[in-house]
Structures are given as structure tokens and as C-alpha cells.
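Everything on this sheet refers to the single structure shown next.
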Amino acid sequence: MILFKIMRSSLVRRKVRLVVSTLALAFSVMLLLTLVHIDAVVHRYAKHLSASTDLVVGAPAQSSHLVLYSLFGIGTPPPDLPSDIYNNLRDNPEVSRAVAVSVRESHRGFVVTGVTSGYFDMLHLNTEAGDADGSTGLPSFSDRLSVLIGSNVATSLKYKEGELLTVAAGFMPSYEDEYQTRFVIQQILPATGTTIDDTILVPIEGLTFARAQHGLAASNIISYIMVKLHNRQALLAMQQVFSRQAGAPVEVAIPAVELQLLTDYEEMINTVMMAMIAIISALALVMVFFNLSASFAERRQELELLRMVGARPIQIASLTLAEPVGQVIVAIIIGTLSYFIACAGLHYFFPAMIGLELSLQQVSWLLLVFMAGFSFACLPAWKIYAVSRRI
Amino acid sequence: MEDIGKKDNGIDISALEQSHQNSEILNIPQLQIRPGETICLQGENGSGKTSLLRVMAGLGKNCKGSVSVLGQNLASIKYQELERLRADYIGFVFQYYRLVPYLSAFDNIMLPCHFSARRRREAIGRAAAKHIDVPSVGQRKDSAIMQKVSEDAFRLIRKLSLKDPSRLSKNASDYSAGQQQRFAIARALIGNPRLVLVDEPASAMDTKGKRAVYELILNECRETGATLVCTTHDDMSDMGFDRYLDMGELNLAKEPEIR
């Protein structure tokens with residue numbers, strides 16, 4: 001009990017240095033957990049997307065541009081593509097599923113995406129309602145003039161199911177660009193943390209109809225085609241086949257390859273960040289170590305006194321060990337709680353950042369930090385033990 | 001260790017030599033202190049008083065000869081036995097009091113009783129014999145045993161002329177040098193140690209305070225039958241120690257000032 005009191009009083013006496021070094025360590029723990037989590041989310045998301053789409057076919061452009069726009073909505077929409085190409089590809093026996101996507105219209109600042117059936121299946125976009133009633137949960141259009149809107153669209157424009165909306169050609173349309181065809185909001189999609197949340201999804205037949213009604217000559221155009229093959233091993237072969245058989249110049253991109261490049265870049269950044277965090281953690285641990293060493297250098301006479309009144313070397317060494325280990329544990333707890341708070345905050349902006357539990361990898365990192373702290377603490381404790389034995 | 005408790009063992013030193021960096025700092029051919037005897041070691045600074053006390057406490061390094069303390073030969077005593085000898089039977093007042101600065105004065109005084117069951121028992125027995133009331137102290141340990149032990153601490157504190165013994169909850173470093181010295185003395189005396197080694201116990205006190213401190217130490221040791229070895233460079237010839245030893249005559253070392 002008195003040893004605990006000595007430890008507590010000693011810590012209180014060094015409270016400023018103690019708080020600074022503990023917070024530094026807690027901060028590095030929080031950064032570490034956040035980075036590991038972001039890395040896992042990015043990998044999981046990339047894996048999910050590359051598994052859902054084997055090939056993306058578009059008008060001639062950079063393949064990375066095509067993949068980035070089709071999967072993440074990053075960049076500008078790719079050039080138009082005749083819808084005949086979609087019809088040709090769809091009938092290929094190697095194709096399991098082909099989805100045509102058109103991105104040429106907008107509604108009050110939000111992108112209107114025309115899609116063919118199978119789009120939701122390809123993205124594995126399930127709804128909570130579907131899960132609850134035991135069905136597949138995949139949303140679908142009830143007719144060609146029904147639309148599904150993303151959660152952010154519904155929130156921003158205060159739209160409810162059953163309301164009507166119109167779409168316009170282009171992304172900064174004038175009054176003349178407004179199509180007269182009215183679409184009905186069939187369903188508001190649950191938040192996914194993806195670009196779907198900011199999208200209005202329309203059947204591509206409905207868009208074709210609206211364009212024709214508006215008098216547009218090129219009503220049968222699409223932006224790109226997402227393809228899922230029966231056999232993924234035929235990926236490279238089918239890339240060649242599609243390039244030849246499309247009937248027009250096309251770019252056939254493999255998302256897995258492009259995403260691998262992206263994740264390679266992400267891993268490079270991640271490695272740099274991890275190195276920085278490792279340095280911050282090491283500095284915080286060194287701070288803990290030097291605080292402790294300095295404090296025990298000042299306390300050599302106390303050591304002799306404690307030995308004279310009967311404290312055993314192992315008790316004094318335990319005291320030396322318990323102070324920094326306790327500090328490291330507190331830092332890990334504060335860092336983990338801060339990480340949960342940070343994740344809850346990030347979840348508001350990025351729904352994929354759900355992190356109210358620790359993965360095995362994160363727990364391993366925490367154990368590593370603890371073991372490093374414990375090892376640092378063992379050095380002065382061992383030194384104190386040896387000195388105590390000589391008194 | 002059984003014979004430590006017997007009161008017929010004092011200190012027996014023969015042919016003691018201690019050196020530090022090839023310089024001889026102690027050379028004492030013979031010194032015998034009877035059990036219960038009170039000794040005042042007088043001498044100038046650097047005469048080897050503190051070194052001799054440290055040897056008696058088992059803190060001396062590079063020693064030759066024979067040193068027997070409370071029946072235990074320090075040259076051959078086992079490590080764990082020396083630990084228990086010091087914790088249970090020896091009260092030591094360091095020259096610069098050495099309190100744990102961030103513990104309360106009260107906790108500093110009670111420190112030996114936390115590590116020694118014998119001293120806890122003795123303190124409880126002593127307090128029970130005196131029927132002492134305990135003033136309220138904020139940081140006092142709540143357990144019944146330590147409550148009883150604390151009674152002896154308050155008895156000693158009162159004897160050390162502290163104006164308000166109930167106010168012991170401040171950190172030791174917040175008190176004056178004289179008060180800290182009193183706490184160190186109370187810490188050494190609590191729990192009836194068989195041997196009390198005191199190094200310049202009143203160097204930071206005024207004349208009145210010095211007399212009170214020496215009287216307390218002498219009375220306590222005489223009441224309990226403890227052996228007392230006290231060093232000073234003040235003239236304490238009228239304090240009534242059993243024996244006064246001049247370190248200049250006792251220590252034959254050539255360079256005692258080098259320690």
C-alpha cells in the first residue's frame with residue numbers, strides 16, 4: 001500500500017512532464033490506430049470494387065481515368081459511347097453480367113446516373129429493408145420512369161419517396177436543357193459511404209426516352225460499361241476480344257490492375273505515415289524513459305532510505321517499473337478512446353470509417369507499443385534493482 | 001536471527017579498516033558498545049563519524065576486520081538477514097534527514113512500520129501502554145493496525161516540540177529544515193529499534209530545539225533499552241550520555257577526511 005502511495009505521490013510530483021509525455025504517447029497511439037484502420041478500409045473497399053467489376057469499357061481515354069470515374073466518381077465523366085457496343089458485349093458468352101452506365105445529366109447539382117438492370121447486383125448494394133424481409137435486398141426500378149436517390153441527395157433536397165423530379169442535360173444546365181419527362185422517386189437508398197449517396201439513379205431506358213422526348217438526336221448514348229466475367233482467368237483475353245469486337249475504338253480497363261496501382265501508392269503513403277508515427281511513438285517513449293531516469297537519478301538518496309527502512313530491491317524495482325508501465329497503459333487507453341472518438345467524427349463525413357471495435361491488427365500494434373514501453377521501463381528498473389542489491 | 005531480539009548484544013568492532021580509492025578512512029582497532037549504552041561520538045568534520053555509523057548500519061563498503069552488530073557479524077551475515085536486521089532493529093537518522101519529499105510528514109514517520117512487522121507490533125504496544133489519543137490527519141492510513149501504529153508516531157511528534165502535531169499532512173519538503181529533522185528522528189525511533197544510529201541529529205535546530213531533540217533521543221533509548229550511537233561536533237558533555245568518544249582518538253586512519 002505504501003509503495004502505491006509512493007508511486008502515486010511521485011507521479012503527482014512530476015505531473016507536468018508526466019502529462020506531456022503521456023499525451024504525446026496517447027496521440028501517437030491514436031494516429032497509429034487511425035492509420036491502420038484507414039489502410040484496412042481502403043484495402044477492403046478496393047478489394048470489394050475490383051471483385052465486383054472485372055472490366056470497364058469506355059471511349060478511348062486513360063484507363064486509370066476510366067476506372068477512377070466508374071468506381072469512385074473521381075474526375076470528369078468519360079466521353080460518350082454508342083449503346084450498340086453494350087449490346088454486343090452483353091451477348092458474349094464469357095460475360096456474366098454487363099451494366100451500361102450513362103453520366104450526362106444532372107438534377108439541381110447532383111449527378112444523374114443512368115444504369116441498366118444488374119447495376120445494384122454488381123455493386124452488392126443491399127438495402128436494410130431487403131435484409132429484414134429475407135429477400136435479396138437489392139433495390140430495383142419498378143418502371144423506366146422511377147428513380148432511386150442517394151441518402152445525401154434526399155437529405156440535401158429534402159426529398160421523400162413518391163415525389164416527382166426532372167433531369168437536365170449537362171452539369172450546369174440552362175432552362176432549355178431541362179427534359180420535360182417527369183420521374184418518380186421510388187426509393188431513398190441507405191447511406192453507403194460511397195458516391196452512390198450523392199447520385200440519382202435512373203433506368204437507362206428512361207433517360208433514353210426523356211432525351212428523345214426532348215428532341216436530342218443522340219439519345220442512345222452511354223458513358224461506360226461495367227463487365228463481370230464468368231471466369232476471371234479470362235480477364236486479359238477478354239480485354240483483347242472486347243477491344244477488337246466493339247465495332248468502334250474503345251478503352252478496356254482492368255480495375256484490379258488500376259486499383260493495385262492505387263493501393264501501391266496508398267501503401268507508400270501509409271509506410272511514410274507509419275514511419276512518422278513510429279518516430280513520434282519512439283520519441284514519446286524516450287521522453288517517458290528520460291523522465292523516469294532523471295527522476296530516479298534525483299532519488300538515489302530515497303533509494304538508500306527505502307532500503308534502510310526495509311524495502312526490498314524487488315519492491316523498489318517494481319515501483320520503478322510500475323510508474324512507466326502505468327503511464328504507457330494510461331496512454332494506450334487514452335489513445336484508443338481518442339481513436340474511437342475520431343472514428344465517430346470521421347464516420348459523419350465518411351460512413352466507411354466505422355471503427356468502434358479494434359481489429360486484430362490494431363490490437364497487435366497496441367501490444368507492440370505496450371511491449372516497447374515495458375522494455376523501456378525494464379532498463380531503469382533493472383538498474384535500480386542492481387543498485388538496491390548493493391545497499 | 002533469533003538472538004537479535006535479546007538485549008545482551010551491543011556492538012563489537014575489532015581491527016576495522018575501511019578504505020576508499022586506496023585511501024584509508026577508518027582504522028579502529030577496538031570498539032565495544034554495551035547493549036543499552038548511549039554513546040556520543042564527537043569529532044570534527046571529516047573525522048570519520050558518518051563513515052563509522054554507516055559501517056554499523058551495514059552500509060559500509062570495502063571494510064576489513066570484524067563488525068558485530070546486535071550479535072550479527074556483518075562480514076558474514078546473509079543478504080536477507082541484513083535487510084531484516086536494518087528494517088526491524090536499527091533506526092537511522094541521516095545527516096541530511098532524507099525524507100521522501102513528496103510523501104506527507106506523517107507517512108515519512110510511519111515508513112519503517114510499513115516494511116517491518118516487528119516495528120508495527122512494538123509501536124502498537126508502546127502506544128497502548130501510554131493510552132494516547134490520536135489527532136485527525138487527512139492522509140492517515142485507515143486500517144485499524146496503522147491507526148494504532150500512528151498513536152506512537154503522534155507521541156513522538158509531541159515530544160519533539162512540534163506546535164501542532166495534527167498538521168502532518170503536508171508534503172515533507174514543505175516544512176522547515178528543523179521540522180524535517182524532527183520527522184527524521186521520529187521515523188528512526190518509531191517501533192522501538194534495538195539500535196539507534198543518529199548522525200548530527202540537530203544540526204538545523206536552535207539551541208533550545210537541540211536540547212529537546214537530544215533529551216528525547218536519550219529518554220526514548222533509555223526507556224526501551226536501545227543502544228544509541230549519536231555523532232555530533234557540538235559540545236554535548238552535559239547531556240548525560242553514558243560515554244563520550246573522541247573520533248580523533250578512536251580512528252587511527254591517516255586520511256580520514258577523504259571519504
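Keep in mind the model is a prediction, meaning the values are calculated, not measured. In what follows, chains are A, B, ... by sequence order, proteins preceding strands, each numbered from 1. These values consider heavy atoms only, across backbone and side chains, with no hydrogens, waters or symmetry-generated copies.
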Before you tell me yes or no, could you show the steps for L305(A) and F94(B) under side chain to side chain contact (heavy atoms under 4.5 Å, CB included), namely the whole-Å CA-CA distance, both residues' side-chain angles and the distance that decides it to 0.1 Å?
CA-CA 9 Å; L305(A) 164 68; F94(B) 292 92; 4.1 Å; yes

Measure distances from R312(A) to the heavy atoms of chain B and classify the residue's part below 4.5 Å as side chain, backbone, both or neither.
both

Flag if over 12 foreign heavy atoms under 6.0 Å of [atom1], [X]:
X	atom1	answer
M273(A)	CE	no
F27(A)	CZ	no
Y79(B)	OH	yes

Quick one: are F92(B) and V309(A) in side-chain contact, heavy atoms under 4.5 Å?
no

Please find the pair of heavy atoms, one from [X] and one from [Y], that lie closest to each other, and give the distance.
X	Y	result
L306(A)	L111(B)	CD2-CD2, 4.2 Å
A87(B)	G310(A)	CB-CA, 3.3 Å
P313(A)	E83(B)	CD-OE2, 3.1 Å
L103(B)	S9(A)	CD2-OG, 3.8 Å

Rounded distance [0.5 Å steps], CZ in R307(A) versus CZ in F115(B):
10.5 Å

Straight-line distance of M110(B) CE to K5(A) NZ, nearest 0.5 Å:
8.5 Å

Under 4.5 Å from a heavy atom of chain A, the part of R119(B) involved:
neither

